[in-house]
Amino acid sequence: MAQLEVENVTLVFGGLAALSAVSLEVEEGELVSIIGPNGAGKTSLLNCISGFYHPTRGRIRFEGHDLTHASPHTATRYGIARAFQNIELFSGLTVLENLLLARYTHLGYGLAAASVYYGRAQEAEVRARALVEEVIDFMELEPYRKAPVGNLPYGVRKRVEVARALALEPKLLLLDEPMAGMTLEEKEDMVRFILDVRSERGTTIVLIEHDLGVVMDISDRVYVLDFGEVIASGPPREVAENPRVLEAYVGGEA
Amino acid sequence: MRNVWAETGNYKTDYRQDSSIFATRLEQLSLIGFLLALFLLPLFLSRTQMFVADLIVIYALAVLGLNIITGYAGLINIGQAAFMGVGAYTAALLAPGLPFWLTIPIGGLVAALAGAVVGIPSLRIKHLYLAIATLAFQVIFEWIVGHSPLLKQGGAIPMPRVVFLGYRVGYKNHYYFWYFVALVVLILLAFAFRNLLRTRFGRALVAVRDNDRAADAMGMHPGLTKIFAFALGAFYAGVAGGLYAYFSRAVVIEDYMLPVSIKFLAMAIVGGLGSLPGSFFGPAFLVLLDLNMEDFANWMKRLGLSYAGVDIASAMRPLTFGLVIVLFLVFEPRGLANWWRLVRNYFKNWPFRY
Ligand SMILES: Nc1ncnc2c1ncn2[C@@H]1O[C@H](COP(=O)(O)OP(=O)(O)OP(=O)(O)O)[C@@H](O)[C@H]1O
Ligand SMILES: [Mg+2]
């Protein structure tokens, strides 16, 4: 049984199908990319997996849990984390606070311990801080630690998004165009981060990305969506040679 | 060597220190000194001045609660006075049988329950719609009290004088006694909230204010977090209500009606929304301003000023009140707390300016 199973998912918005009978399977530890022209339904699919949208038809299972009607916090608690395409950070808070928020469910102490602070709550907070600092280190965010996120440049905020998802210590990481709008150098860094997460933590990754060069380089398998349908899937090389894919890309983006 | 008395930069070495409440030992000492001064204050004040001091301390507690809901969690609350009223009426009903150190916290808990119920719509609705729900609660509260014979239809329910550890609180020491009680309660609850702010609970409040969707993705239930914010803020109001009931020696509906809720919002704004010290500055500033305007108005009355039949003197109080709020909204939306921040930063580097 695959770790993530999306079975025949259809998602309808006011009569229009954003997804029609999409099926997808991801094995533990795999890096799977989803590509497709703008409006193909890639983000909608991630929204279904992470609980922000609920499929009109079909089923989603993660490690045996039925996620079809789950809310985002339930999906998160099962071990699914997500970096949003349109940055969704807590803009009034610092980088550090944003990442600490990812430790919300892991910090187990109760209200009484929290209002006294010294003791249980403090110990847990210090541990959370140490873990968050590791992520900050890993994502090379040290210079921005105490900066309010709202004022940071776009590329850095994208990186904070990914860092916050990592701070959740997920089993499955969903990345929605983490490199969009970045400079070449920033892109190279992000690719390195993604590969390192995979090799160091063995996290399963689902990546949406428009840069086909990157996708073909790093993915184990690729799914191609067009008008809400999976038109091809398989190892990168096979998919790249698929005539329907070439057609969709020429037709979609020309 | 590290000078712990004056740190002109950030020299913290581990995470424990980094999240401690006070930046420097100087700051710690100033706070202890300030608290000491607050406890010594009654030595220098007359009975009428103590009345004002009590009022400020109790209002500060209610405004702190409002700040939790509106300032930190970003949920506009136009019913804070009603939550306070729930605490006050609970205390009034229990006072004949129970000591004040039970009736007041119970009042807080009942208010917290009311807060949780009022917060339930936040599972579905947001922003202005939610604000209307709190307004509805204020109106319903007033209606229920006004129609309930048990609560004298809003007329005065007298509160008994209390005896504490064999110490009888009477006419002379009334305001002194309640000053100390309210001050201790305020300090304890303010520290508790300051602690919460450093934990997952405090961060969760700010998270649902900043970004609901992201909060959800962090694994917290945004709706329940908002209900928690309402319950917590209402608890503070309820405790303030119990204190106010004893302090004013009677529970009257006028003390817990809509204009008071608006006054609390004004105090929170003038103090600085989402600022803990602001919760104290706002009430202190507006209560003292109101008092001075009253004196000023009386002085004008004696001069017999009136224009086209309008009694200018009595118009002075609401006019200045409104003017001050507008001025703050326009020129210092971050409130008095922002001035406080500037002063603090100045002294943090003092005497080294650069
Ligand atoms: N909440 C919504 N309400 C109505 N329509 C929606 C909603 N979300 C997505 N859609 C529609 O579903 C379709 C797929 O959108 P989606 O955002 O999933 O595309 P995408 O593949 O992520 O595109 P892009 O590459 O531009 O990010 C679009 O036609 C979009 O307008
Ligand atoms: Mg998208």
Side-chain angles (χ1 to χ4, degrees), chain A residues 50-52 71-84 86-93 96-98 100-118 120-130 132-133 145-146 149-150 161 164-165 167-168 174, chain B residues 9-10 12-23 68 71-74 109 112 123 188-225 228-229 231-232 235-236 273-275 334:
Chain A
S50 55
F52 283 93
S71 50
H73 51 270
T74 313
T76 303
R77 284 169 191 214
Y78 285 140
I80 299 178
R82 160 167 191 199
F84 293 88
N86 307 312
I87 299 172
E88 301 261 11
L89 292 169
F90 305 107
S91 50
L93 299 181
L96 198 59
E97 289 165 324
N98 266 273
L100 279 172
L101 265 159
R103 304 305 297 166
Y104 180 80
T105 51
H106 305 80
L107 288 164
Y109 55 79
L111 190 57
S115 43
V116 180
Y117 191 71
Y118 298 97
R120 255 163 62 72
Q122 189 183 36
E123 277 163 31
E125 286 292 332
V126 168
R127 275 199 306 275
R129 175 76 189 270
V132 161
E133 288 290 343
R145 201 185 266 121
K146 296 265 170 102
V149 180
E161 270 275 347
R164 192 182 59 181
L168 283 163
L174 308 173
Chain B
N10 196 345
K12 294 188 181 131
T13 48
D14 74 25
Y15 306 146
R16 199 173 296 257
Q17 285 176 27
D18 200 12
S19 55
S20 67
I21 302 184
F22 307 105
I68 293 174
Y72 286 92
L109 290 177
L123 293 173
L188 286 178
L189 287 183
F191 266 102
F193 183 61
R194 185 62 191 79
N195 284 339
L196 277 193
L197 280 180
R198 295 184 289 168
T199 69
R200 70 196 192 109
F201 296 102
R203 286 192 295 269
L205 294 181
V206 183
V208 293
R209 177 189 72 194
D210 265 21
N211 189 334
D212 253 15
R213 281 163 59 79
D216 212 340
M218 294 300 102
M220 73 186 70
H221 191 305
L224 289 183
T225 307
F228 164 69
L232 187 65
F235 174 78
Y236 280 58
L273 274 176
S275 153
R334 282 176 296 179

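Predicted model only: the values in this text are computed from it and were never measured. In what follows, chains are A, B, ... by sequence order, proteins preceding strands, each numbered from 1.
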ask   = Could you go step by step and tell me if A:R77 and A:T105 meet the side chain to side chain donor-acceptor pair (under 3.5 Å) rule?
value = CA-CA 8 Å; A:R77 284 169 191 214; A:T105 51; 5.5 Å; no
task = Could you check A:L111 against B:F228 for side chain to side chain contact (heavy atoms under 4.5 Å, CB included), going step by step and ending with a plain yes or no?
result = CA-CA 11 Å; A:L111 190 57; B:F228 164 69; 3.8 Å; yes
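Atom-to-atom distance recorded for B:L196:CG and A:Y117:OH is 11.5 Å, nearest 0.5 angstrom. Between the CG atom in A:L101 and the CG atom in A:L107 there is a gap of 9.5 Å [rounded to 0.5 Å].
Contacts between B:F193 and chain A at a heavy-atom distance below 4.5 Å are absent for every atom of the residue. For a residue to count as touching a neighbouring chain, one of its non-hydrogen atoms must lie under 4.5 Å from one of that chain's; by this rule A:A130 touches chain B with backbone and side chain alike. Neither the backbone nor the side chain of A:I80 has a heavy atom closer than 4.5 Å to any heavy atom of chain B. Heavy atoms of A:Y109 lying under 4.5 Å from chain B belong to its backbone as well as its side chain.
In terms of heavy-atom pairs under 4.5 Å with chain B, the best-connected choice from A:G110, A:A167, A:A165, A:A121 is A:G110. Ranked by heavy-atom pairs under 4.5 Å with chain B, the list A:L89, A:V116, A:N98, A:L100 is led by A:L100. Most heavy-atom pairs under 4.5 Å with chain B: of the set A:G92, A:A81, A:G51, this distinction falls to A:G92.
In summary, A:E133 and A:R145 engage in a salt bridge, as defined by a charged side-chain N under 4.0 Å from a carboxylate O.
In this structure, B:R198 satisfies the cation-pi test against A:Y118, with its NZ or CZ atom closer than 6.0 Å to the six-membered ring centre and inside 45 degrees of the ring normal.
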